[in-house]
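Here the structure comes first, spelled out in structure tokens, and everything after it is commentary.
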Amino acid sequence: MQRIGVFVCHCGTNIAATVDVKTVAETLGHEPGVVISQDYQYMCSESGQNLVKNAIKEHNLTGVVICSCSPRMHENTFRKAAAAAGLNPYLVEIANIREQCSWIHKDIATATEKAIILGRAAVAKVHLNAPLTAGESPVVKRALVIGGGIAGIQTALDIAEAGFDVDIVEKNPTIGGKMAQIDKTFPTLDCAACILTPKMVEASQNEHITIHSFSEVAEVKGFVGNFQVKIKKKARFVDETKCTGCGLCTEKCPMKKVPNEFNMGLDNRTAIYIPFAQAVPKVATIDPNYCMMLKNGKCGVCSKVCSVGAIDYKQQDRFIEEKYGAIVVATGFNPIKLDKYDEFAYNQCPDVVTSLELERLMNAAGPNGGTLLRPSDKTHPHTIVFVQCVGSRCDDSKGKPYCSKICCMYTAKHAMLIREKYPDTEVYVFYIDVRTPGKNFDEFYRRAVEQYNVHYIKGMVGKVTPKSDGKIDVQASDLLANEQLHINADMVVLAAAIEPDKTARPLATMLTTQMDTNDFFTEAHPKLRPVESATAGIFLSGACQGPKDIPETVAQASAAAAKAIGLLCKNSITCNPCVAHSDELMCNGCSSCEKVCPYGAITYIDKEFRMPDRTTKVRRVASVNPAVCQGCGACTVACPSGAMDLNGFSNSQIMAEVDAICK
Amino acid sequence: MQKAMIERAKQLLADGTVKRVIGWKRGEFAYDITPAVFETAEELDRDFVFDDFTAANVSKYLVKESRKEGRVLAFLKPCDTYSLNQLTKEHRVDRGNIYVIGVPGGPKLDIEKIKGKGITGILGVKNENYTLKIDTLYGEETMPFYEAVLDKCASCKSKKHVTYDELMGDDGDILESNRFDMVEKLENMTSQERYDFWRSELSKCIRCNACRNVCPACTCENCVFDNPKSGVSNKAAADSFEENMFHIIRAFHVAGRCTDCGECSRVCPQHIPLHLLNRKFIKDINALYGEYQAGADTESRAPLNNYTADDCEASIVHERGVE
Amino acid sequence: MQVNDNKDFQPLIVAFCCNWCSYAGADLSGTNRLNYPTNVKIIRVPCSCRVNPMFILRAFQRGADGVILCGCHPGDCHYTSGNYFTRRRMTLLFSMLDFLGIERDRTRVEWVSAAEGAKFAATMNEFTEAVRKLGPNRRLEDLRCRKQ
Amino acid sequence: MLRISADKLDALFGAVSAKQKLYIPADRADGEAAFTEYAPGMKLTSRLNTVRSAKDFFFPQTENLVEFKLEGKKIEINDIREECDDFVIFGVRACDARSFTILDKVYLSDPVDTFYKNRRDHGTVVTLACDRPAETCFCQTFGIDPTAPEGDCSVWRAEEYYYFKAITAKGQVFIDSAASLLEEGNAAELDSAVAKTKAVLEKLPLANVSTKNFGGDKLNEYFNSDKWGELSESCLGCGTCTFVCPTCQCYDIRDFDTGNGIKRYRCWDSCMYSDFTKMAHGNPRLTQLERFRQRFMHKLVYFPANNNGEFGCVGCGRCLSKCPISMNIVKVMKALEDK
């Protein structure tokens with residue numbers, strides 16, 4: 001038999017002025033199972049809590065109903081009080097008679113009546129409350145960072161700084177990401193490599209950081225605190241542990257006509273290569289698509305010149321398995337392909353380049369050693385046209401609906417750098433809007449316009465036509481002057497939209513995290529939890545969550561690290577006990593619940609049952625991982641047999657509330 | 001066809017491909033055919049039947065049969081194969097343990113329609129060029145074949161087998177069917193007219209559970225209506241609310257899963273057009289979330305376990321049709 | 001057209017509110033002292049997707065005259081996708097109730113964020129008024145439960 | 001014997017229904033027949049029988065027994081039974097008429113079921129002899145003569161006339177209530193109609209179904225028969241057969257919480273249901289085979305064992321036409337006999 005205590009709070013006059021609290025306490029005292037019903041001035045005060053605690057002990061209560069303010073306010077207070085008095089904290093229910101009664105109603109009679117009904121519903125519910133114990137699940141004190149760009153590096157460094165082991169998985173032969181390809185950074189115009197490469201080195205030398213370069217995540221199992229990840233280490237045909245990065249093999253390799261992806265294909269590399277001089281790890285990699293030895297067994301030069309015997313043509317993809325407590329996604333971005341933009345002649349004319357290509361063309365370590373020359377004839381360009389928003393802010397299927405955010409600033413940077421270095425070059429920028437929110441950003445843009453006399457023209461470029469004389473005709477409209485323009489340009493630079501890396505979507509599936517329609521990872525809350533995914537233990541760093549510049553990326557990377565550290569600091573995680581559970585006897589194993597679970601908390605097991613006729617039967621049944629389940633209850637409705645129920649909000653509890661309200 | 005089916009079943013039994021055969025067994029009269037499992041050639045020769053009255057969808061029996069030892073041969077009509085696919089998708093059958101022979105579909109006959117013409121004392125029914133010659137205790141009666149066709153066959157959605165290991169006879173196509181006509185007619189009535197229609201129909205319900213128990217989508221280990229813990233269990237339609245509740249929840253539980261096989265209405269002893277409830281859901285799903293045919297495949301995501309960010313709001317119900 | 005608009009009828013309204021948005025929105029309308037009728041009784045659920053059609057029917061069975069579900073705005077669900085499932089489920093359920101001739105205005109889904117205290121109060125005022133006009137729920141009540 | 005011409009039946013119904021409630025089997029919109037409260041203009045169905053049997057009048061599907069009210073911590077118990085008004089059911093067939101004898105054995109023997117008795121006392125059963133039996137009919141198997149139905153008053157149709165014969169005092173009251181409309185009939189006309197029906201009865205496909213191999217002494221012979229497995233294999237476990245059956249008499253008692261109190265009611269149960277005879281300790285019949293066997297053993301063995309050889313079936317044929325998978329007592333009897 002239940003022994004329930006009801007405690008009605010006056011909240012000073014907040015409740016008592018509109019609700020006759022004495023009547024509420026008196027009436028609820030007659031409800032079945034209620035053994036004590038009291039009212040008090042301030043139930044949340046220490047003496048109020050003591051009242052509850054003493055009643056629990058004195059009456060050996062099995063359930064407590066507090067008629068007071070919103071449970072969002074003091075549910076925890078009263079749960080703690082109950083626990084202190086030896087009652088399971090989940091045997092406490094709150095009837096919200098302040099925010100949802102006394103504060104919105106004026107008539108004492110009807111407000112009192114409603115308060116009684118709300119109290120009665122809470123009593124009906126608490127009759128069915130079960131003591132719940134928050135489970136605990138251990139935390140593996142190691143983090144995985146997926147992606148080794150500036151976001152991944154910063155996150156890894158911060159986590160390592162806190163003393164936790166962290167692995168970086170990078171799909172390319174070196175870490176560094178997009179930032180390694182950039183020449184200068186806005187708005188300070190300092191050299192990207194100068195600030196990035198020390199961080200790369202720091203990462204490689206940090207005893208807590210392991211870099212798995214040329215590797216990919218192949219499989220993710222487990223849940224917060226305990227992920228089991230299978231990492232594919234792709235065959236690079238070079239023994240990483242032996243290679244010293246001397247580079248002799250890359251000099252001797254006879255296959256020299258491989259498009260160099262680091263330089264955006266603007267020059268060539270060899271089949272065995274080190275992406276760039278400051279690569280980390282500085283280890284050679286053989287490109288099996290071009291290596292003569294791997295393709296037809298004829299060559300072997302690199303093997304012959306390698307003094308440490310690091311070349312291994314028989315190397316295979318390897319898989320390693322590791323456990324992690326937290327995972328940070330830092331998969332970054334890529335500029336979109338411009339194949340669909342025939343109007344800009346990107347595929348037709350070598351002198352129409354993307355901004356990232358321009359970065360390489362201007363970079364001292366780039367194909368022209370830092371001298372800006374036209375790719376077609378290696379001449380100095382005198383007129384350069386920049387086209388903004390190529391594929392950004394598009395409402396058609398060719399581009400992206402969002403603003404890529406970084407283009408306005410890097411274009412101002414490019415324009416300024418060109419005007420600084422080549423004052424004889426005229427620079428035009430066609431824009432829809434110039435968006436420069438950010439510290440020192442607008443000043444930077446205004447310098448480009450005012451000091452460097454970059455021609456900013458609000459308008460659209462309609463058509464880019466390569467001419468027979470090597471010049472490029474840029475046809476555009478000037479919206480402010482309301483006129484059509486033709487510019488006889490030497491080069492055109494397209495600010496291509498950026499998009500998430502194509503590996504992000506399969507990764508999201510593995511991680512059971514959510515993505516938006518543009519394949520950016522969705523944060524757990526757009527305002528309040530911007531670096532966490534909705535899946536516990538998975539954090540988001542950098543442009544995989546949305547377009548970002550470097551400072552924002554680094555800030556988010558550190559934020560994600562802080563979140564991951566917060567998790568790794570714990571020895572175990574206390575799970576929310578209000579989670580779903582499946583009654584195996586009723587479960588059909590139909591998979592409906594799994595389909596609606598946003599957290600991947602449900603798996604299926606084959607379980608042996610003893611049948612009524614004493615035979616046994618193996619049946620597939622759902623099993624909820626309480627450490628992963630967040631307790632939304634979507635599965636409980638998807639389940640036709642009612643096998644799935646939710647602790648704390650069970651079918652019978654909710655129906656009891658309905659019944660009590662409709663009495 | 002019946003003869004060929006028996007022969008093929010015997011072969012498959014003999015060569016060990018299958019251990020049992022699920023099909024239809026002849027009864028006392030022309031029409032009282034029972035789904036049955038056959039294990040020997042003798043049983044097949046003696047009792048196996050496939051004719052105008054073998055309407056029963058045997059796929060639900062595969063939940064049990066496919067879990068037994070040895071492969072089971074199932075003769076499935078096109079509509080039955082949709083049910084099997086749906087059961088496969090929901091892991092309710094072991095598809096690998098079933099050998100499916102697709103056999104031609106209906107139209108199958110409804111003995112109730114023949115009896116409804118006042119024909120009684122039925123001793124035999126013959127189909128001669130789509131005229132039924134009915135031998136009765138009171139002399140021979142005739143009626144056009146198509147007037148005696150089961151409702152579920154009259155609005156057939158597909159003659160195509162969506163899963164099979166072997167086909168006997170030709171495969172057909174997905175049909176343009178008129179199956180939503182009656183739903184539409186009801187939608188165009190006033191709310192009061194619809195209420196009156198359903199009261200007069202559902203008040204006939206004797207809560208025998210035949211609709212649920214025959215339904216290939218209702219394979220729950222323990223139905224909520226049988227489970228006292230669910231809070232809705234009941235054995236009788238003790239109030240008009242119970243009648244509504246049972247049928248609404250049943251339809252909701254099979255929404256997006258019902259293949260529209262029509263068995264619920266076929267077996268209802270009170271002729272309640274229960275399929276209209278399921279079809280209402282199917283029609284809404286098609287209109288609101290895109291065409292979806294449960295059982296057409298074994299992979300697609302059921303519409304109620306799916307969503308898009310720009311789904312319509314529930315208020316669409318208020319915005320359309322007649323109040 | 002119904003001539004009698006049931007002025008004196010006091011409908012019973014059951015409101016299911018998700019813990020994160022709508023329940024907080026309801027609290028906010030309390031904090032801001034925005035009135036809505038006492039007819040509305042709120043049941044807190046973790047997410048609107050916790051609401052089983054059976055709960056709604058149960059409420060009508062026991063004498064509720066209207067049932068409203070409130071959840072986070074689409075895209076803002078605390079559990080990312082719960083309210084999307086709610087939306088499909090309730091659209092289909094309400095359509096079915098309508099198909100059976102149950103008055104459409106007795107059921108509603110409304111998205112109310114934690115900041116929309118005013119919207120919560122306005123919604124409850126409107127909904128209560130709409131149900132009041134319909135009069136007592138007779139088509140989906142259980143006569144055994146009718147109050148004597 | 002008294003008779004009335006068929007075209008004056010309306011007048012008779014009118015006269016009877018003026019005094020007490022009258023139910024007749026009438027056509028429903030879906031073509032089936034159902035006992036319906038008579039209203040002017042209503043016609044007798046041409047169908048042989050109704051989907052639901054006439055047992056509903058005495059043993060309805062659900063019935064409230066008692067009500068509890070909780071007031072604070074006190075329980076108040078209210079007897080909510082209502083005195084039944086007199087009523088007449090017209091057109092009951094011989095099979096259903098016999099079913100009342102079977103139900104009486106269950107409900108009128110000590111301890112008497114007062115709810116049932118109340119309705120039996122107030123109900124007048126007017127039977128109607130069969131003239132067009134169907135292929136599913138096998139009432140003769142249980143010694144029922146469909147041309148001589150039991151009840152309080154029997155009625156025959158012969159050509160354009162209905163003939164009436166009172167069997168009990170209640171039957172006589174029924175005839176008296178329409179005495180002015182009746183006239184003396186022609187015995188030869190009636191005899192020839194009965195003879196015609198008898199000729200059809202001999203030709204019925206189930207005329208050869210016999211109970212000779214069944215009865216109270218057959219428990220050991222059939223209980224462990226290996227036929228049950230095959231017979232019950234396709235059973236869906238629905239309650240159709242039991243709910244259309246005129247003799248199935250099992251019920252369950254449940255409490256319904258109305259929110260304002262508890263209504264204790266009984267409702268038909270079905271031995272086909274998985275929770276049939278489920279008790280606190282569990283369920284003695286765990287499989288569909290056991291439940292299926294229970295139904296037929298009850299009708300063919302246990303019932304005669306306890307009731308002087310009376311079988312628990314009247315051969316109305318409803319389960320034959322309504323079972324979703326066409327499994328029925330005739331198939332069971334034949335299979336069990338086929339050794």
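Convention: sequence-line order gives letters A, B, ...; per-chain numbering from 1.
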Engaged part of [X] at the chain A interface, taking heavy atoms whose separation is under 4.5 Å:
X       : result
C:Val67 : neither
C:Val14 : side chain
C:Phe55 : both
C:Arg89 : side chain
C:Tyr84 : neither

Side chains of [X] and [Y]: does their closest heavy-atom pair fall under 4.5 Å?
X        : Y       : answer
C:Ile42  : A:Asn96 : no
A:Arg72  : C:Asn19 : yes
A:Thr636 : C:Asn52 : no

Among residues 108-128 of chain C, which residues come closer than 4.5 Å to chain A, judged by heavy atom distances? none
Chain A neighbours within residues 27-39 of chain C, where any heavy atom lies under 4.5 Å away: C:Asp27, C:Ser29, C:Gly30, C:Thr31, C:Arg33, C:Leu34, C:Asn35, C:Tyr36, C:Pro37, C:Thr38
Kindly give the heavy-atom pair with the smallest separation between C:Pro46 and A:Cys632, and that separation in Å. CG-O, 3.8 Å
Engaged part of [X] at the chain C interface, taking heavy atoms whose separation is under 4.5 Å:
X        : result
A:Lys663 : backbone
A:Lys595 : backbone
A:Ala638 : both
A:Asn14  : side chain
A:Ala634 : both

Residues two or more places apart in sequence or in another chain: which of them pass side chain to side chain donor-acceptor pair (under 3.5 Å) with C:Ser95? B:Lys280, B:Asp284, B:Arg320
Of all residues at least two apart in sequence or in a different chain, which pass the side chain to side chain donor-acceptor pair (under 3.5 Å) check with A:Arg98? none
Name the member of [options] that forms the most heavy-atom pairs with chain C at distances under 4.5 Å.
options                                : value
A:Gln630, A:Gln100, A:Met73            : A:Gln100
A:Leu646, A:Ile661, A:Asn651           : A:Asn651
A:Ala121, A:Gly633, A:Cys662, A:Gly631 : A:Cys662
A:Val596, A:Asp107, A:Leu118, A:Thr522 : A:Val596

Is C:Arg58 reaching over with its side chain to a backbone N or O of A:Val658, donor-acceptor style, under 3.5 angstrom? no
So A:Ile94 and C:Arg44, side-chain contact (heavy atoms from CB on, under 4.5 Å) or not? Walk me through it. CA-CA 10 Å; A:Ile94 311 286; C:Arg44 184 166 70 121; 5.8 Å; no
Working note: A:Val637 + C:Thr86, criterion side-chain contact (heavy atoms from CB on, under 4.5 Å); need CA distance, chi angles, decisive distance, verdict. CA-CA 9 Å; A:Val637 183; C:Thr86 306; over 6 Å; no
Nearest 0.5 Å, please: how far is OG in A:Ser650 from CZ in C:Arg50? 7.0 Å
Between C:Ser48, C:Cys77, C:Ala24, the one whose heavy-atom pairs under 4.5 Å with chain A are most numerous: C:Ala24
